[in-house]
Amino acid sequence: MSLSNIKEYLNSISKEDVIRAMEILDNTDITSNRQSLAYDVLKQDSNKTYPPPLLIEYAYKISNKGNLPQGFFNKIGKKSPHFKKLKDLGFKITTKNEKEMGNLKAIFKKV
């Protein structure tokens, strides 16, 4: 899938679509094979995290009432248009290590 095709699909997703996708995922048991290995999207009001591909997939379904094409996430990563779109919408993407460090800081503050 070409970069321009990916951007076309991403253009239809709004911030509200992503927030609605987060709400749906809050009530969904995300299986281990759908979890992200390296990055998460952070929901700022709750510090809850979501796997970027799954969040984009749900947001696209909300926005377009359809599925993304095969191969849409083949080249997703830190510098991909997928992450750029989420950042442009105002979402923070963290590495798994950043999240773990944040959790440790919260624990130490309680102690």
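We're numbering straight along the sequence, starting at 1.
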Do Gln35 and Ile30 pass the side chain to side chain contact (heavy atoms under 4.5 Å, CB included) test, and can you show the C-alpha distance, the side-chain angles, and the key distance before you say yes or no?
-> CA-CA 7 Å; Gln35 293 289 335; Ile30 301 172; 3.2 Å; yes

Would Tyr58 and Leu25 satisfy side chain to side chain contact (heavy atoms under 4.5 Å, CB included), going step by step from the backbone distance to the final call?
-> CA-CA 8 Å; Tyr58 274 66; Leu25 290 172; 3.9 Å; yes

Determine yes or no for a side-chain-to-main-chain donor-acceptor pair under 3.5 angstrom, with Lys85 supplying the side chain and Ile13 the backbone.
-> yes

ILVMFWY network linking Leu54 to Leu42, side-chain heavy atoms under 4.5 angstrom = no

For the pair Ile93 and Leu86, evaluate side chain to side chain contact (heavy atoms under 4.5 Å, CB included) and give the outcome as yes or no after the intermediate values.
-> CA-CA 8 Å; Ile93 299 172; Leu86 290 168; 4.1 Å; yes

Greater than 12 external heavy atoms within 6.0 Å of Lys87's NZ | yes

Taking the side chain from Ser46 and the backbone from Lys48, do they hold a donor-acceptor pair closer than 3.5 Å?
-> yes

Within one Ile-Leu-Val-Met-Phe-Trp-Tyr cluster: Leu68 and Ile62, side-chain cutoff 4.5 Å = yes

For His82 and Phe72, indicate whether the former's side chain and the latter's backbone hold a donor-acceptor pair under 3.5 Å.
-> yes

Would the number of heavy atoms belonging to other residues, nucleotides or ligands and lying under 6.0 Å from OH of Tyr60 be above 12?
-> yes

Can you check whether Ser36's main-chain N or O pairs, donor with acceptor, with Lys96's side chain at less than 3.5 Å?
-> yes

Scanning both residues in full, the closest heavy-atom pair of Gly66 with Lys61 reads O-CG, 3.2 Å

So does Glu16 pair up with Arg20, basic N to acidic O under 4.0 Å?
-> no

Quick one: do Met22 and Leu55 satisfy side chain to side chain contact (heavy atoms under 4.5 Å, CB included)? Show the steps, please.
-> CA-CA 7 Å; Met22 287 176 168; Leu55 188 59; 3.6 Å; yes

Separation between OG1 (Thr28) and CZ (Arg34), nearest 0.5 Å, reads 11.0 Å

Checking side-chain hydrogen bond (donor to acceptor under 3.5 Å, both in side chains) for the pair Asn64/Ser12: CA distance, chi angles, key distance, verdict?
-> CA-CA 7 Å; Asn64 295 284; Ser12 66; 2.7 Å; yes

Shortest non-hydrogen pair, Met1 vs Pro69, comes out as CE-CG, 3.1 Å

In plain terms, say whether Lys43 and Glu23 are close enough for a salt bridge, that is, a side-chain N and a carboxylate O under 4.0 Å apart.
-> no

Taking the side chain as every heavy atom from C-beta outward, state whether Tyr50 and Asp40 have any pair of such atoms under 4.5 Å apart.
-> no

Examine distances only and state if a side-chain atom of Ser63 and a backbone atom of Asp17 form a donor-acceptor pair shorter than 3.5 Å.
-> no

Value for NZ (Lys7) from CG (Asn11), rounded to nearest 0.5 Å, stands at 9.0 Å

Does some side-chain heavy atom of Ile56 sit less than 4.5 Å from a side-chain heavy atom of Val41?
-> no

Pair Tyr39 and Phe83, ring centroids less than 6.0 Å apart | yes

